[in-house]
Amino acid sequence: MKSVLSSKSYAILAILLALSLGSLAGLSQPEQERRTGLVEDWSMRHVVFARSGPVTTMMAAQRDPRSFFSWRKTALTSSRVGGAPAPQEENAVEGRFLALPGILNRRPRSSGAHVDWSISLGGQSTAPAMFPAKFSFDINAAPSCANDFVIFPVNQAPDGTHENLVAFRNLYSGTVPANGMCNRTASASDSGVSATVLWSYAVGAISGHVSTSPVLSLDGIKVAFVESVSGQQPHFHVLAWKSGDGVDATNLQNAQLPSVLNSFVSSGPAAGSGTATDLAFGASGGGSGDAISSPFVDYASDTAYVGDDRGNLVRIKNVFCFGCAGTPPAPSMDGTWGTGGTVVVGAGSCAGTANSRLTGPVQDPVTGNVYVGCADGKLYGFTSSGNALATPSVTIGNGTALGGVVDPPIVDGINGFVYAVSGTNGSSPVLVQAKANLSSPRTATLGGVGGFNLHSPTFNDAYFSNATSTSWLVYVQGYNGGGNHAFLYGAGFDASRNMVTGTPANSITLHVTALETSPLTEFLNGSTDRLFLSLLSQNTLDAFNINAFPAGTSTTAAETGGTSGIIVDNVSAQNQASSIYFATLGGTHAAVKLTQAALQ
């Protein structure tokens, strides 16, 4: 049954968007009137925001600026495709508002080889299952060639010819399917149809790799990331980048002439200074380092959570210090969290064992709880003060080589759920839904054990926009019953928002061998709900139209080695301005942009 959103529903939506805009890190009124940028990074897909929920919960969620980004993008999607949003299946009810959904359609399959820009990152790439981070200068304006940029972490030791963090601008360049809005006249130093290096750094407190995903400040002027070497304490850095640092004037597509940064400032780095801070954290003994735990920033309190490979979860304060008066302090351990800023995760099961590697942590803005996965196969939860939850953990996998939790959980504070995956619980790959207090776990089994770790799932747009939960799907990779074919599953939900247990009814074959995929990424672009994933050993990136559960791939691009995590930028009518970004894991280890619609 169709219905129309009530004026009260729109009023609530407007209030939430306004409150979210005003809440960005406590900005003063003059600061609120400046441009509002848009951050796209790994965390945006791990803390998610339904567009329907109780008003009190929706109000609590807007403490996190990511809620504003999520809801605002939906409003822009609706406005840019023209007309009012399509009606929902259900009327708005007292104390709830409904979202701005799209009407979806299917696109034809492409020829298979990408023709958009691709820039070499050098001898190594962004690490598997890690993500670039993108900053759009102003979400209320057209995409910007000069000011929008994307940052790629590079999993290699830094020196004068090897960067470990690089940013590109002139993103919306290309020639197919149409000339990009950022195309320029070609010259000896510039192809004219590709992105250009904005800055490139070799950050080397310990000559370490940037093995995880970076995080941007809300104004885009600073970036937080971790430098890591196995067996040493990882180092947390905040960089205030300077345009032009590490740019090769003779070749604007060359990222391998970085600015070497191995001395650090003792206070918060000044905007545009090209300086960085340095903070060692976690265990100092052998077996430490940070292989997979990307930092998660709580913008409201200006703190960051990050783990190491020894089961230590830390909280760091004064991360970006946006709006600090006088000389800003450098980031430091937050002594109000655990002991000296460190919480030991699952002593005897996670910490203190051979299975102590932590995922990226994720904070729920509604409850303040912080969740982190471990190689022991469990998902752990802590209060905002660092105390274990009453139910301190929920078992996802069995803690074997394939039975750990290797990707961060997905946290849905509005609906009160947490999701995590593992390659095996002893008999099957699994997707688990638990309540925010880690009680009442429900398990979807994903075929036979396929011999690979499982990476993060994603939801269809109905999960965010439709109050009728029987229309929800969570997309996740798994295998057939024999574990020798890669499958794509769509796990459903009952009318009470509980994920349906057992093997999902929806499935298609991704490939007739068992293989590993990248994390899954969903994006609603105008009238099309899209799903992106990469088949690593098959050297492809695949797109699906998920209006309904798909019958197969809608578009494919050849990408050597498969891809890192995939981020999505705009809904735009500008040429080349609705795109995806990722790094290839083989070949030239390239930073790549493709258009969303045709993967070209």
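Excluded from the calculations below are hydrogen atoms, water molecules and symmetry mates; all remaining heavy atoms, backbone and side chain alike, are included. Because the structure is a prediction, the values reported are computed rather than measured.
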Inset, instruction - Could you check R530 against N525 for side-chain contact (heavy atoms from CB on, under 4.5 Å), going step by step and ending with a plain yes or no? - result: CA-CA 7 Å; R530 295 190 173 105; N525 187 322; 3.3 Å; yes
Inset, instruction - Let me see the working for S211 and N155 under side-chain hydrogen bond (donor to acceptor under 3.5 Å, both in side chains), right down to the final yes or no. - result: CA-CA 5 Å; S211 304; N155 191 24; 2.9 Å; yes
Inset, instruction - Go through the steps to decide whether N170 and W117 satisfy the test side-chain contact (heavy atoms from CB on, under 4.5 Å), and finish with yes or no. - result: CA-CA 11 Å; N170 285 313; W117 63 254; over 6 Å; no
Inset, instruction - List the steps and the verdict of side-chain contact (heavy atoms from CB on, under 4.5 Å) for V223 and L165. - result: CA-CA 10 Å; V223 55; L165 200 69; 4.0 Å; yes
Inset, instruction - Apply side-chain contact (heavy atoms from CB on, under 4.5 Å) to the pair T161 and L257, showing each step before the final yes or no. - result: CA-CA 5 Å; T161 57; L257 196 65; 5.6 Å; no
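Listed here is the closest heavy atom pair of G565 and P519: CA-CD, 4.4 Å. When all heavy atoms of S579 and D569 are compared, the closest pair comes out as N-OD1, 2.6 Å. The shortest non-hydrogen separation linking A224 to V319 is CB-CG1, 4.4 Å. In terms of heavy atoms, N460 sits closest to E522 at C-OE2, 4.3 Å. Minimum interatomic distance between I414 and A50 (heavy atoms only, all atoms of both residues): CD1-O, 3.2 Å. A pairwise comparison of heavy atoms in T555 and A598 identifies CG2-O, 3.3 Å as the closest pair.
If you look at F320 and F322, their ring centroids are not closer than 6.0 Å. Here the two rings, on F135 and F149, have centers that are under 6.0 Å apart. Ring centroids of F459 and Y419 are separated by less than 6.0 Å, placing the two rings close together.
To the nearest 0.5 Å, the span separating CD1 on I119 from CG on N254 amounts to 10.0 Å. A distance of 6.5 Å separates CG of L239 from CG of L261, quoted to the nearest 0.5 Å. Taken from NE2 in H162 to OG in S200, the straight-line distance is 11.5 Å, to the nearest 0.5 Å. Atoms OG1 and CD1, on T458 and I410 in that order, are 6.0 Å from each other to the nearest 0.5 Å. Rounded to the nearest 0.5 angstrom, M44 CE and K134 NZ are separated by 12.0 Å. Taking CZ of F532 as the start and CD1 of I580 as the end, the distance is 5.0 Å to the nearest 0.5 Å.
Residues L599 and L541 form a side-chain contact, since some pair of their non-hydrogen atoms from C-beta on lies under 4.5 Å apart. Counting only heavy atoms from C-beta outward, the side chains of F152 and E163 never approach each other to under 4.5 Å. Proximity of V215 to W42: side-chain heavy atoms (C-beta onward) are separated by under 4.5 Å at one or more points. With a 4.5 Å cut-off on side-chain heavy atoms, L536 and T517 do not count as touching. Within the 4.5 Å cutoff, no side-chain heavy atoms of K593 are placed close to those of F582. The side-chain heavy atoms of T126 and L121, taken from C-beta on, include a pair separated by under 4.5 Å. A 4.5 Å side-chain heavy-atom check between V568 and Y581 finds every atom pair outside the cut-off. By the 4.5 Å heavy-atom criterion applied to side chains, V238 and T277 are counted as neighbours.
S534 places no side-chain N or O within donor-acceptor distance of the main-chain N or O of S518, the cut-off being under 3.5 Å. The backbone N or O of Q596 sits nowhere less than 3.5 Å from a side-chain atom of S578 that would complete a donor-acceptor pair. Looking at W241, its side chain does come within 3.5 Å of a backbone N or O of G220 through a donor-acceptor pair. Side-chain atoms of Y489 come within 3.5 Å of backbone N or O of Y479 as a donor-acceptor pair. Between the side chain of W472 and the backbone N or O of N466, at least one donor-acceptor pair lies under 3.5 Å. Under a 3.5 Å cut-off, the side chain of S194 and the backbone N or O of S191 do not form any donor-acceptor pair. Put simply, the side chain of Q576 never gets that close to the backbone of M181: no donor and acceptor are under 3.5 Å apart. A donor-acceptor pair under 3.5 Å is formed between the side chain of N575 and the backbone N or O of N179. A donor-acceptor contact shorter than 3.5 Å links the side chain of S217 to the backbone of I221. With S259 contributing its side chain and D245 its backbone, the two residues share no donor-acceptor pair below 3.5 Å.
Side chain to side chain, Y201 and N164 fail the donor-acceptor criterion of an N or O pair below 3.5 Å. No hydrogens or angles considered: nothing links the side chains of N251 and S189 as a donor-acceptor pair under 3.5 Å. Side-chain contact annotation: S118 with D116, donor-acceptor N/O pair under 3.5 Å absent. In this model, no donor atom of one side chain and acceptor atom of the other lie less than 3.5 Å apart for Y475 and N506. Remark: the Q156 side chain and the H209 side chain contain no N/O donor-acceptor pair separated by less than 3.5 Å. Checking S456 against D407 by side-chain atom types alone, a donor-acceptor pair falls below 3.5 Å. At a cut-off of 3.5 Å, with distance as the only test, no side-chain donor of N183 or Y172 sits close to an acceptor on the other residue. Side-chain atoms of N539 and T560 form no donor-acceptor pair, as typed in the model, at a separation below 3.5 Å.
Across P408, P295, S293, a single residue satisfies side-chain contact (heavy atoms from CB on, under 4.5 Å) together with P361, and that is S293.
Ion pair R51/D461 flagged as a salt bridge, since at least one NZ, NE, NH1 or NH2 atom sits closer than 4.0 Å to an Asp/Glu carboxylate oxygen. Looking at R184 and D190, a side-chain N of the basic residue comes within less than 4.0 Å of a carboxylate O on the acidic one, giving a salt bridge.
The aromatic rings of H46 and F131 lie perpendicular to each other, with more than 60° between the two planes, well past the 30° mark.
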